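To keep things clear, I will list the structure first and then write my remarks on it.
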Amino acid sequence: MSLISLRNVKKDYPLGKTVVHALRGINIHVERGALMSIVGPSGSGKTTALNIIGCIDNASDGSVQIGDVEITQLNDQQLTDLRLFKIGFIFQTFNLIPVLNVLENVEFPLLLMNKMSKQERKMRCDKFISEVGIREYIDHRPAELSGGQRQRVAIARALVTQPEIVLADEPTANLDSVTGDMILQLMQDLNRIENTTFIFSTHDPDVLKYAKDVVKIKDGLVVG
Amino acid sequence: MSILIKISQRNLLRHRGKSFVIGLIIFLGAFFMTVGNAIVNGMNKGLEENMVQRFLGNIVIVSTNQIDDNILTGMPKPKKVITGYFKVRDLIEKDDSIDQYFPMGFGYSIVFNPEGDHPLYVMSFGIDFQAYQKMFHSNIQMIEGTLPTNGQKGIIVNNLSRDNFYENGGFWTLPHGQPVVISNLSAKALSNTNKLITKSELILQGANADGGSLDLAVKVSGIFKFQTMNDVWSVINFIDIETFRETFGYTTESDAKVVLNSEQKSLLNANEDDINSMFSDESMFESADIVSKKYNINDIKKQTKKSDTNTIKTDPGSYNIICVKLKNEANTAAIVKKLNDEFKTNGMDARAIPWDKASGQIGMFANIFRMGINGFVTFLFFVAIIIIMNTLSMAALERISEIGMMRAVGARKSFIGGMFLYETFILAFVFGTAGMLIGTLFQRLLRLAQFKADNNMMEIIFGGDYFQPFLDPGTVLLCIIQLLFVTGLSIIYPIIVARKITPLDAISRN
């Protein structure tokens, strides 16, 4: 059974008097432990697909399953909990909490989960902060970090809950190529070591070499 | 420390400018609210002390024939006597909610003035002086002469009424046997000391509702002023209750039995046909023996002079009003209703009125002023709510990325709402407390400044002779509740805005 199944998923956005068909009925199946890249030009619908998988956006039509849960039937609170416990996000613009330092940002989802002791949280955060290589910046706030360092914090935050799925929307778009490669290498390593399922979107062909599976989207349809 | 508290506190510091603007609005709101409440509270306390405790009581009982509730101000109206006073007295004595009561004669009197062009009008209270002082916290302060004691008779005149008598009647009232006190003369009287006409006896006539009244010479025992609000009550003068009843014709025994001689009886029995016989020579002239005798004028005066302790046969139950003090003034409205129900059930000629209605325009003006202050504070609240609400809503929209990201990584709507609530309540606590403290300090300064009321209206607004805003624990608690209420109302809409922010909004914005 696939970890993620999208069946005939459509997404329409009203734009003034017209309707934009962002997804026209896509089918994607992702296995556990996958390192999948969704590629396509700008406006092809890859971000929309990621948002639907990540329970951030809802499909206009079709079926979306994560594990055995049909997420199109869930309410806001259930979707929020699903995001918290099963999905990690890495955003293009990092989206860290500006008033929290590195440790606190990474710890944030664990605090929301409210299931661990302080000691356990500390150990978990230390582990992932070390893994992404920003241990020396643990007390720094996002404004005091470079783009690459911020993205590492975002990765640590996405992984700290040990989610089944990590979604990354163009994670290297705002990074220079060297830092971008380092981030993708890190994701690849974590996929191998932690067996975490990674799905990342990109329109950069050079990034594809890091992916085990590639889904090509064009004009809202899966083309390969 | 909870992550919510940590984020909220740091956000407040991060957005210092906005936090300060919102805090300043809360500060000003708390400040004006505290001062406004202190003014209203001081006025209430002043009126409670000066109107209720020192003058009228919580409730005034009048005759059911007294149509208007306003018995103190407005156009002078004759005051009706409470019929069956003793039954009413027995009823209120049995009432556990009543602390004290005091029956009084009350009416408008005319002071006849041979020296002036016009008669003078005063408001007269017929009282037992000692009992009055005991009930109303020694509100009568003697300036000249003495307060009649032990059943002595006489009138005590308000110092401002005396000034008025001189202004409009041309005579200076002096307590019996007392010299003129120069320092107490009005400016006009002082300019005319050589020709000063003094009087120690006033000819009074009661303006009785039933038309029966007497002219009576009443000895002036003293000149007084009220401890507080003397300007407001300047027309009120006190007469001993017996003399009061006499001037108002509230007599019983003297009228009850008239013994007629045989001639008077035959006159009453005469029919119309006999009318001419009444004017016959036989009837019109009577022979008399004339004897010369020397009279000593002092002996005659002595014989005709009314003794101070002379018993006048007045109705001992003739009272126009009964002032009632309650054990708990908070229950005034309920007790008024209960008394009125009991009066009605027992067929009594009595009607209970709360003091503010009985005092007419004074109570009304006090209520209007109170409403004005409360209205001003409410307006401030309204403005503060709008400004805070708008600023916080803008702040929520400016933080779409941050809030949306929090939602994306698993923060529930309640977390976001809690974060905004906490931020606002920190501001309300810090700036609201500062506003209340400064407001309290300002209120203390106003008290220390001892602003004196210049006129009647100011005395009513101040609730006494001096501006005495007052904060008690109850008022402070009220301020805190009001502040929480304002903060709570201000935050509702921004929280709704913040809760509506979705992760998708954050992504779209980026």
Side-chain angles (χ1 to χ4, degrees), chain A residues 11 13 47-48 50-52 54-58 75-101 103-115 118 121 141-143 154 157-161 163 166-167 169-170 173-174, chain B residues 1-20 22 392 395-424 426-427 495-510:
Chain A
K11 179 67 187 178
Y13 292 110
T47 298
T48 304
L50 270 187
N51 288 343
I52 288 172
C55 308
I56 281 176
D57 205 353
N58 55 334
N75 63 27
D76 182 79
Q77 193 162 309
Q78 289 167 325
L79 290 171
T80 305
D81 289 347
L82 193 70
R83 287 197 298 267
L84 177 62
F85 290 98
K86 289 199 170 181
I87 304 169
F89 287 93
I90 300 166
F91 296 97
Q92 187 178 332
T93 47
F94 326 127
N95 282 7
L96 302 174
I97 301 174
V99 293
L100 300 182
N101 63 26
L103 175 64
E104 290 162 342
N105 262 292
V106 174
E107 193 185 18
F108 181 68
L110 296 178
L111 290 165
L112 293 177
M113 290 170 87
N114 198 24
K115 282 192 168 177
K118 194 175 179 183
R121 284 201 310 267
R141 289 200 182 176
R157 185 183 63 188
L159 295 171
V160 77
T161 57
V166 174
L167 304 173
D169 186 17
E170 307 219 24
N174 287 332
Chain B
M1 194 193 319
S2 151
I3 188 71
L4 187 146
I5 295 171
K6 195 183 283 182
I7 293 175
S8 302
Q9 288 176 347
R10 291 184 188 174
N11 265 329
L12 287 173
L13 292 173
R14 183 170 175 240
H15 305 285
R16 283 186 197 87
K18 264 190 206 76
S19 301
F20 183 74
I22 296 168
L392 286 173
L397 293 173
E398 282 175 13
R399 286 161 62 183
I400 282 178
S401 296
E402 179 189 330
I403 294 167
M405 184 279 305
M406 287 181 183
R407 296 277 289 124
V409 298
R412 289 185 179 180
K413 286 181 175 180
S414 55
F415 181 88
I416 305 299
M419 190 174 71
F420 267 75
L421 200 63
Y422 190 77
E423 284 178 22
T424 313
I426 289 176
L427 288 177
I495 284 179
I496 291 171
V497 170
R499 281 168 62 96
K500 279 185 178 171
I501 295 171
T502 65
L504 202 59
D505 292 328
I507 292 166
S508 306
R509 196 179 175 90
N510 290 335

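Chain naming here is simple, since letters A, B, ... match the order of the sequence lines and numbering starts at 1 in each. Side chains included, hydrogens not; waters and symmetry mates left out as well; all remaining heavy atoms used. Predicted model only: the values in this text are computed from it and were never measured.
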Q: List the atom of B/L13, the atom of B/R16, and the distance in Å for their closest heavy-atom pair.
A: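 Shortest heavy-atom contact: O-CG, 2.7 Å.
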
Which region of [X], side chain (C-beta onward) or backbone (N, CA, C, O), has a non-hydrogen atom less than 4.5 Å from a non-hydrogen atom of chain B, or is it both or neither?
X: A/F108; value: side chain
X: A/I56; value: both
X: A/L112; value: side chain

Q) Do A/E107 and B/K6 sit within salt-bridge range, that is, some charged N less than 4.0 Å from a carboxylate O? A)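 Looking at A/E107 and B/K6, the cut-off is not met.
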
Q. Hey, are B/E423 and B/R399 close enough for a salt bridge, meaning a charged N less than 4.0 Å from a carboxylate O?
A.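 A salt bridge is present here (some side-chain N lies under 4.0 Å from a carboxylate O).
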
Q. Does a donor on one side chain and an acceptor on the other come within less than 3.5 Å for B/T502 and B/D505?
A.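 A pair is found: one side chain offers a donor N or O, the other an acceptor, under 3.5 Å apart.
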
Q | From A/L167 atom CG to A/I52 atom CD1, the distance as rounded to the nearest 0.5 Å | A |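 Atom-to-atom, A/L167:CG and A/I52:CD1 are 12.0 Å apart.
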
Q: Among the options B/A408, B/G404, B/S414, pick out the one with the most heavy-atom pairs lying under 4.5 Å from chain A.
A: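 With the most close heavy-atom pairs to chain A, the winner is B/A408.
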
Q: Under 4.5 Å, counting heavy-atom pairs only, tell me which of A/P163, A/P98, A/G88 racks up the most with chain B.
A: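 Maximum pair count with chain B is reached by A/P98.
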
**Q.** Contact origin within B/R14 toward chain A - heavy atom pairs under 4.5 Å
**A.**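 For B/R14, the side chain is the part near chain A, not the backbone.
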
